[in-house]
Amino acid sequence: MKLRKVTAASAAVLALTLSATACGGGDKDSGSGGDKVKVGIKYDQPGIGLKEPDGSFSGFDVDVATYVAKELGYEPKQIEFVETKSADRENALSRGDVKFIVASYSINDKRKAKVDFAGPYLLAHQDLLVKTDSKIAKGADLNGKNLCSVAGSTSAQNVKDKIAPQANLKTLGGYSECLAALQSGSVDAVTTDDSILAGYAAQDKFKGKFKLVGEKLSNENYGVGVKKGDKATVDKINAALKKMVEDKSWQKAVDKNFGPAGYKNEPAPKIGVIVK
Ligand code: GLU
């Protein structure tokens, strides 16, 4: 009896020690052994970054993130995905919540003042998603109309600055909320990158209901966001992205994630070359 108690006690101590070790290593980013790496993605963008009902993750950004993590020394099981909504991305990096972000994150000067970017790894274009019978055919048609986009996105900023300054723009937390608004009729259009809109339009529950207008309203150069000043990580991620294109993993990820939605993406961008 006494012996059993001692054994149980030492087992408890051992368990504590083990979990302490696991936790202690959790935030380290050395990339070795059992350490974890936290990576920011979107949770609600089908084909790009999606948390599935079973808790798994899918999408082009998820595949890019997984490839990059591997090159940094982390196996898929060592990745902890964290949701980084459009408006939260710069802060998540500054605070050190995540090591890097792959979340339909366009490179621009305003963001470059706060974070660093590797890439670009994809070129998308801002477009409009409307009901199938909508008459909206170009950006200017949005003036006077109800439009939805997401807080902290380049899409919302572009509408205010140039596409349709007279539109009644609603900014919500995520695009899935905009889709709900489009479905209910409280907005006439949703605007963001064609890569994202194509994924929504192809979802079973929306099939036949919405169409992409097909306007290339901007160039969105997707980058991998990194904490400002972390040049070593930027260099490593750039090398990983180059390798991903060269060994055809990039094209495989494109076919797998954009194929089902019929999204015709641009060819792989050159690292360090931003299409203005
Ligand atoms: N790519 C654009 C951006 O970075 C729109 C998509 C998004 O909000 O993530 O703002």
Side-chain angles (χ1 to χ4, degrees), residues 39-51 57-65 81-94 98 100-129 139 142 147-164 167 169-182 187 189-201 212-213 215-226 257-258 261 263 265-266 269 274-276:
V39 180
I41 57 165
K42 294 294 182 73
Y43 273 18
D44 69 343
Q45 296 178 185
I48 302 268
L50 187 70
K51 187 172 185 183
F57 299 94
S58 71
F60 185 68
D61 281 351
V62 171
D63 289 349
V64 169
F81 286 115
V82 175
E83 184 177 30
T84 44
K85 294 190 174 195
S86 297
D88 298 337
R89 293 175 291 199
E90 288 82 32
N91 284 338
L93 288 171
S94 312
V98 291
F100 61 91
I101 290 182
V102 191
S104 61
Y105 199 6
S106 301
I107 301 170
N108 68 21
D109 290 343
K110 203 169 148 201
R111 290 171 178 169
K112 275 196 327 207
K114 295 182 182 161
V115 302
D116 284 339
F117 285 100
Y121 65 90
L122 188 76
L123 175 63
H125 306 281
Q126 187 170 354
D127 199 354
L128 309 170
L129 188 73
L142 297 167
L147 174 67
C148 191
S149 199
V150 163
S153 68
T154 53
S155 325
Q157 196 62 47
N158 283 341
V159 168
K160 291 185 226 168
D161 293 348
K162 38 186 190 235
I163 298 170
L169 178 67
K170 199 183 257 198
T171 48
L172 301 179
Y175 298 101
S176 49
E177 289 145 81
C178 282
L179 261 288
L182 183 62
V187 298
V190 175
T191 187
T192 188
D193 308 336
D194 45 12
S195 46
I196 300 170
L197 296 175
Y200 281 118
L212 272 80
V213 167
E215 288 282 271
K216 289 183 165 56
L217 298 167
S218 71
N219 291 324
E220 303 295 326
N221 296 266
Y222 285 11
V224 178
V226 172
N257 295 294
F258 297 146
Y263 173 60
N265 62 285
E266 303 272 3
I274 305 292
V275 180
K276 290 276 182 195

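Since the model is a prediction, treat every value here as computed from it, not as a measurement. Atoms within a ligand are numbered from 1 in the order they appear, just like the ligands themselves.
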Please output the residues near ligand 1 using a strict heavy-atom distance under 4.0 Å, listed in chain and residue-number order. Lys42, Ser86, Arg89, Ala103, Ser104, Tyr105, Ser106, Arg111, Ser153, Thr154, Ser155, Tyr175, Thr192, Asp193, Ile196, Glu220, Tyr222
Kindly write out the residues that satisfy salt bridge (Lys or Arg N to Asp or Glu O under 4.0 Å) with Asp44, not counting sequence neighbours, or none if the list is empty. none
Are the ring centres of Phe258 and Phe60 closer than 6.0 Å? yes
Taking side-chain hydrogen bond (donor to acceptor under 3.5 Å, both in side chains) as the test, write out the residues that go with Asn158, two or more places apart. Gln126
Please name the pair of heavy atoms, one in Cys178 and one in Leu172, separated by the smallest distance, quoted to 0.1 Å. N-CD1, 4.0 Å
Sorted by chain and residue number, the side chain to side chain contact (heavy atoms under 4.5 Å, CB included) partners of Leu50 (sequence neighbours excluded) come out as Pro46, Glu52, Ser58
Start with the C-alpha gap between Gln157 and Ser155, add the side-chain angles, then the distance that decides, and say whether side-chain hydrogen bond (donor to acceptor under 3.5 Å, both in side chains) holds. CA-CA 5 Å; Gln157 196 62 47; Ser155 325; over 6 Å; no
